[in-house]
Each structure stands twice: as C-alpha cells, then as structure tokens.
Amino acid sequence: MSDDQGHQWVHGDKNVQLSGVSDSTIEIRIDSHGDTRGPLALAEDAMQAGRKCFLASDFHGASEKYESAVEFAVRASDTDLEVRARMNAARALSEVLFEARRLGNPTLGAMRRFIDEHLRIAEQRGAEESDITLERALASLLDDDPAKTIRLARQALDFVTEGVDEKYLVNALIVLLNGHRNAGSSPEAIDDLSERVAATLQSSSNWDSRALLSAEWLRSKSSPEVAREDVVTLCEVFRGAAEHTDSPTRLAHALDEVLAEIAEHGVTSGLLMLAELRYELAALVGSEKALCATALQTSEIAAALGDRATVDRYLRLARDSAARVHALPAGAPERSEWDGLQALVYRTTGNTMLRSIDADGAEGLLRVARLKEVAAVFERAIDFAVEHRDQLRGDVDDYLAEVRWSLARVKHDLDRLAEAAMLFRQVRSAPAMRHPRFAAEIGLPAWLGEAHCLLRSGHGEEASLAVRQILADSRAQDATRGNAEQLSAYLDNVVLPRNRWMNSQAAREVSRSVRQVGLRATIAQQIAPFVEWCKAWPREDDSLGPYAGLFDFWGRGGFARVAAALREKPHSAIAVDAETVDEVRMWAQILCPLFETVVIKWKGPITSTVAMVPQRADYGGPDSFGGHGYVTMAGLQLYDDWAPTIGFANLIPDQVAHMLATEALPLLEDGRLVLVPAPVVGCTQSMVGWTDHLLLDFVGGVVSVADGRDSVNEAEGAAARPRVLDLVGHSLPYMADVGLQDLARVLDEGDEWVQPFQSLLVQSLNSDGLKTENWQGITLLENDFRDASRQLNAWLRDVSKVGGWHVAEVPAVVSASSAEELGSGSEPVTDMLRAITRREPDLSPWVPYWRLQGMGGHLDWSRPLDNPSRPSPRAGESPTVHSWLCPGTPGWVMPTYREA
C-alpha cells in the first residue's frame, strides 16, 4: 500500500517489490512546449522525471514519463536510450497493473499488451536477453500462471554470473519467490532457495535490495509460527535501509505486504513490531495523512494484543498528525484532507478503544467508565460527520451508519437500551441499506440488535415481532438467520410464556385478591400448599425432612404468584439479604413487625443435584401450581398420600428449610415471611447490586435494605465508589430474642403502633425528592421518624413483657445511592430476569435504600455476577430450566408407561 491510499492493509495481494531501475539522476522538466532543446535532452529529462515518480511509487506518473522518453528517444534515433525507456516503461506499467489488481480495479487489464509490446521492441533493438527475461518473468505474475513465472525467473537466474548487478539477482529471486508462493509450493521447495537467498543478503551492499529481498523472504516463510527473531532481523535491515534509501515510500510499500501476509495468520507481537517500524517509515515519507493512518493501524494491532499503553500512544500520535494537518495553510495539499482524516480518527479511535477493553478483560465500574469514554468518542464522530457533511468526501450516510452500529453495541453493553435500540433502528433505516452487502452484514444484524434491546428491557412481544420480520427478510445471511432463530426459540419457549402468565387472568385474580383482602392474606394463599405439605409430612425428631425439596417444588410456580401479589402493593413489603439461619431469624424479628411481608433473598449456599421429592398424590387441578421441571409418578406412593417426584433441584440448606417448615412456619402461613433463593430468580451478585434492583423492579419496587457501609472492588479503587447520601437518621427498635412462633402470635395486635413508622419509611423512600434531588423535603421528616420510633419502642416494650423479651435498637438511615448502569456481565437466569422485567428509562439518578448498621448485604453495584450459591445446570441444560422464574401454573409432567 502506498502512503496516500488510506490505512487499510491489502490482504491476499500478489504484488512484488523489486529493487528499482538503473537510472540515477533526479531533476525533472519534460514539457517540450516552447523548449528549444532537442529530443535527446527531452528524453533524458523524461527519464529523470519517470525515475522520481517511480521512487515515490507514483507508477502511473512514471509510466507516462517513460512513454514520453520512448517517443523522444525515437525522434532522436537513440536506440540505447529507447531500449532503456521501453524497459522502464514496461516495469512501471507492471506496477500499475499490480496496484490496479490490489485495489480491485480490472479496467486496466488492457494495458497488459503494452508491456509485451515494449519488451518485444526492446528485444528487437538489442536489449540484453537477461533483462528481457527478468521483465517477462515479472509481467507473468499478472497472468496467474505461477509455473510460467517460476520457469522465467529460473531462466533469469541462469544469466547470473560473477560481477552481475546485484539488483538483477535480487529482483530475479523476488520474482521466483512470488511464483512459488502463488503456486502454493511446498515449504521444502522454498527452503531449497534459503542458501542462495542468505548468500545474496550477506553479499549485498545495497540497503534497499537487502530490505526488499528480506521482506519477500519473510513473506514466503509466513505461517502462524513466524519466528520472532526473523521479525527482529527484518526490522534491523529496514531501519538500516531507511537511513540510506532514496525511496522510503517503496520500503514502506514492501513492509505493507509483509504486514498483510503475517496479519492473515492472526495478531502477534511480531506484527506489532512491524507496525511500529511502518510508522517510522511513514515519518520518513513526510505525509501527515499517511503518518496518521499508520498510527491508527498500529493502535488497532496493539488493542488486539491488550497493550493499552501502546494503544494510547499511537492514538495520541494519530490525533497529533490530524491536528498538524488542520493547522496547515488553507491552500496546502493535505489541508483539504483534514475533514476526512478527522472523521477517520474518531471512528478508528472508538473501535480501537472498544477492542482494547475486550482484550484486557476490564470488569465492573472500571469497564463501565471505559465504555462511557468509547461512547463519547463515537458520539463526537457522529456530531462531526453531521456538522462537516459538505466537506467530507464519499458517502457520509454510510459513515454514520457504521459509527452508529458501533455506538449502538456500546450503549447495549452499558444497558442504555432505549438509546441502543434507537441507534440500531437508525442503522437499519439508513440509506446504506440500499446496498445488499451492507444490508446483509450490518443492517439485518442491527435489526437483530434492536430485538435484543427490546428483549433485555422486557418488551418481549415487540422483540418477537422484530425477529419474525428478520426471518422473513431474504437478505439475512446464514449467521444472522441462525441467531434470529435461536432468539425466536428463546422468546417462544422461555420469555413469552412467563410474560403472558404475569398478564394472565390467573395473575389478575391474585392482584384482585390483594385489593380485596390485603397483601399478607393473598401471599398466605400462595404459600398455603407448601405450608400444608410441611404440616402433613410425618415429622421425626432426628430428621431434617424433605422440606428443601418441597420448597423448590413449590417455588417453581409459587414465586410468580407471590410476585404478582407484590406488584399490586409493593411498598407494603421489604427485601433483604441473608446468608445464615441466624440472619433469617434476625430479619424476621426486626422487619416482620414493620411490614406486611418480608422477602428474604437467600445468598447462602445452594446444592444443585438430582433429587427425589415427595409430592401429595392428590395435589393438582386447575388452581394448583409449581413443579416446573419435575417429573412425578402419581401411581407410585411412598407413603399413604405421597408420590415420588424427580427433578434437578436447587436446594437451600436443610437447616434453613427445616426452620421454615417448623419455627418460622406460622409467619409463612400468615404471609408475613417469604424466602427466595437469590440466584434462581436472577440475583447473582453476592453484594446488593443491580441484579437485586432488577428483581425488585420485577415485583414492582419493594423497599430494599442494605448494610450501613458500601463495598467496592479493590481493583477499581475509591474512584469507582458510588455516591451514597444519608438523608434521615433514626433508631429502629425490635425484640431481639423473641421466638418466631411467639412473634407470629403478637404481631396482629401492633398494626396501629407500627403504621406511622411504616408510612414514614415508605414516604421517604418513594419521595419525588429523589427524582428532583430535593433533599430538604426528605430530611424534614427526621423529627417525625424520631416520634414514630418512640411510639414503636413503647409498644414493643409493652409486648415484650409478655414473654420477657429484650428490646434492642439498631442505628438506621434512609439513604440514596447514585444509580449506576445495569448490565455488567451475563448469566442465564439473570438474563431471563431482564427479559421479563419491563423497564422504561429511569428518570431518577438515585436509588433509595434503608440502611441498617452492621446488617444486610453491602452495597456494590459494580460487583460481578459472583454469587457463590449460583445454581449449576444439569449437563446439556440451561439453568433457566431449573429456575424459579416460571409461570404460576402446574409444571410437572407424568411419564407415560407403555407395555412392551
């Protein structure tokens, strides 16, 4: 690639780089109009001008000058000069055709016959047979006849004798190596030339010849295992040549061919070394545009290797070159190129930064921060292209479509789903869709990206419609069609059944029940099957019982019904994390007196295993639910009224399940307590993070509790720490040692004492002040909190006298944490939770929390999906099959027996 052709490498090109021509003078002046000198002088001037163009890789210009030299030499009847001019014209025309082929331009093929004509006449005029043979060997590379090339190149080498011009030897070897590469010759055939190549390199005194032959030799040996020492050697030779050459452009062009050859085998440290060398050569050429383009190339290679320091260095150099072009006087040749160059810098910078993020594996808030930087670059690219549309060459709409395509994917990763969907929609609606290739390779994938955004934001029906339209489009490539078919199956089999149940008549009946009898009573109805099973199972003093299995069976359908109830009256419930039995007990003691329902997200251990679970043999009917993923054998009875059910279960610890089935059962029976294994509903962060917030969005916005401290990944540092504002401080009294069964008996009497405190808490956590950042309106509630706390404390002390229980207090704060972007990481159950949670753009930059000192999970939105209790799927199955995100319907199946 010459330095004024842009920054893209040419792949699969068969171009050769020969070591030059024999003419050595430089000054030019060829226009004969008004020139009184004779044709001989004009021919010499044309030869000099042709050589200068050739050294600058201006092969079109060189061919024109040499053609002029032929004409003047014929007029002057100088046969020797005519021969030289024709030989050089043939060489320049060959290079023109190589360049045309590399650029995919077949229109210049007719020029091939002019090469043969020049060589035929030169041979008739007495040209050396060796020179004619070499030029015909070179031209044969245009004929795609490698056997002919190898034959002619070997004939040319047969003319080599002691004292022959070393350029001739080098050129013949270069053509022969090209012939072998085009023929796909075996490594052994190429190795047979190694001694001759090595001897030529060692004896050569011409730096350009050594560099060009070294480059061709490395290209011929190119493979995934190119030795680093070979690359180092080539770099040393080229740096030496750069100090002596009169054609740095030609060296740069040869190095481009090596880069293209090695890049076909993947990105390596050797490729980066060559790219940095290429930048040095571009600096010698003196074109700021070429220097900028080469810096961008180098940054792309460094990004693929995860070398962020090198990425930053070369992006900075590219920006500096673009700035120098912008600073040129208005009439300078490169100044008119600035708009296009700056647009290229923006686009390549964004793509390179994005690739660098993927290569070095940044996570959490660090990844989010860097993705924001990339988004800002792409946004500047779009603004620049729109503002400078009239100055930019080419199709600006195509450029905008490409940049929007990249920006849409970044916005998708930042969970800016509405923005990403809009950008994807702009891409698939762009004028570039008129091009079949753009439509197939970018437009249809962008439409699929829009469908993914709709899915992740809970718009499953709209996503399904988009996918059906993609599948009906004949332009979709196999890969796009295959991805669309997978997404369609996921929507039809997983997402839409769950979405549709949450909007079904059964779910509406649950909501109606909440309005009629209250949240607590309605949730009690949904938990009733599990409560009945626990009461009916024969208890043994030394057995923990099958309660963990019964609980998992109930949850695969029961959770959806609880969620439907919570959606109707979310502010009457509260959610908190627990990892031990003692923490479950503590939260019941603290929170059950204050809220109608306490939702405990279990983030302790979970056992994933195939389990046999007992099921009531008579359980079923239209009003039943649960058991999705289980197989029941109603005809086989374990006990009088129990049948075995088998499934791949995600079981909470037996001790926790036993506690729910015994000590805490009255609270469950009253609808006051619900325990949810966090990872099987998509809460896959060990800390209180965005997955927890997503779950609470799914159930309608339940109040959330966290510890009085926040936690940040050490790797991300304090800079990644979200802002946390403490708005209202107060104390929270509770009965610290009351048994849960005793607690259940006394709670019904405390509603009138608890209601003021609960109302204040809900009012502060759901205040419009969070959206408008009107903190004063919230902090003014502090005195009311103090009064409500005293009232609650007085009632608890009266109640505690019944059982001699101790009333303790815990410092508490109504807080707001800065809302961070969702979506860092991917996990099947969490992704399904996204898909069934309809989310609109969040108008508030703050997320409310009730923070209790020393209690509850730490805040850390940047935490990866690292819940140690993450469920494990059975081999060949997704964890979604065994999650609790199921429709609120009966989901078990019965095997069919057939006699042999």
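Just so we're clear, the structure is a prediction, and the values are computed from it rather than from any experiment. Along the sequence shown, the residues carry numbers beginning at 1.
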Measure the shortest side-chain to side-chain distance between [X] and [Y] over non-hydrogen atoms and say whether it is less than 4.5 angstrom.
X: Met47; Y: Lys65; answer: no
X: Glu261; Y: Val258; answer: no
X: Arg91; Y: Phe54; answer: yes
X: Leu274; Y: Ile301; answer: no
X: Ile190; Y: Trp217; answer: yes
X: Leu81; Y: Arg84; answer: yes
X: Arg75; Y: Leu42; answer: no
X: Leu392; Y: Tyr399; answer: no

Does the pair [X]/[Y] count as a salt bridge with the N-to-O cut at 4.0 Å?
X: Asp143; Y: Arg112; value: yes
X: Glu337; Y: Arg393; value: yes
X: Glu280; Y: Arg239; value: yes
X: Lys289; Y: Glu334; value: no
X: Arg120; Y: Glu117; value: yes
X: Asp246; Y: Arg51; value: yes
X: Asp397; Y: Arg389; value: yes
X: Arg181; Y: Glu216; value: yes

Might you point out which heavy atoms bring [X] and [Y] nearest each other, and give the distance in Å?
X: Tyr66; Y: Ala92; result: CD1-CB, 4.1 Å
X: Ala62; Y: Gly50; result: CB-O, 3.5 Å
X: Ala153; Y: Ala137; result: N-CB, 3.8 Å
X: Ala385; Y: Leu400; result: CB-CD2, 3.6 Å
X: Ala73; Y: Ala43; result: N-CB, 3.8 Å
X: Phe72; Y: Pro39; result: CB-O, 3.3 Å

**Report entry** Derivation of the side-chain hydrogen bond (donor to acceptor under 3.5 Å, both in side chains) call for Thr149 and Asn178
**Finding:** CA-CA 8 Å; Thr149 301; Asn178 271 270; over 6 Å; no

Between [atom1] on residue [X] and [atom2] on residue [Y], distance to nearest 0.5 Å:
X: Glu402; Y: Asp398; atom1: CD; atom2: CG; value: 9.0 Å
X: Leu281; Y: His253; atom1: CG; atom2: NE2; value: 13.0 Å
X: Ile262; Y: Met273; atom1: CD1; atom2: CE; value: 10.0 Å

**Report entry** Exceeds 12 heavy-atom contacts within 6.0 angstrom, atom CD of Glu129
**Finding:**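 Incorrect, the count does not exceed 12.
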
Query raised in the report: More than 12 non-hydrogen atoms from neighbouring residues, nucleotides or ligands closer than 6.0 Å to CD on Glu195, yes or no?
Result: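 No, the 6.0 Å shell around CD holds no more than 12 heavy atoms from other groups.
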
Query raised in the report: Within the side chain of Ser209, is there an N or O that forms a donor-acceptor pair under 3.5 Å with the backbone of Ser205?
Result: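 No, because the side chain of Ser209 does not come within donor-acceptor range (under 3.5 Å) of the backbone of Ser205.
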
Query raised in the report: Under the side-chain hydrogen bond (donor to acceptor under 3.5 Å, both in side chains) criterion, do Glu288 and His326 qualify, and how do the steps go?
Result: CA-CA 10 Å; Glu288 287 292 350; His326 187 249; over 6 Å; no

Query - Pairs flagged by ring pair (Phe, Tyr, Trp, His ring centres under 6.0 Å) wherever residues 269-324 is involved - sequence neighbours left out - result: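 Only Tyr279-Tyr314 qualify under ring pair (Phe, Tyr, Trp, His ring centres under 6.0 Å).
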
Report task. Apply the test side-chain hydrogen bond (donor to acceptor under 3.5 Å, both in side chains) to residues Arg136 and Thr133: give CA-CA distance (whole Å), side-chain angles for both, the deciding distance (0.1 Å), then the verdict. Result -> CA-CA 5 Å; Arg136 283 175 174 161; Thr133 303; over 6 Å; no

Query raised in the report: Any luck finding a side-chain donor-acceptor pair between Arg355 and Thr352 under 3.5 Å?
Result: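 Arg355 vs Thr352: no donor-acceptor pair found between side chains.
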
Requested in this report: Could you check Glu276 against Thr298 for side-chain hydrogen bond (donor to acceptor under 3.5 Å, both in side chains), going step by step and ending with a plain yes or no?
Outcome: CA-CA 6 Å; Glu276 293 191 277; Thr298 308; over 6 Å; no

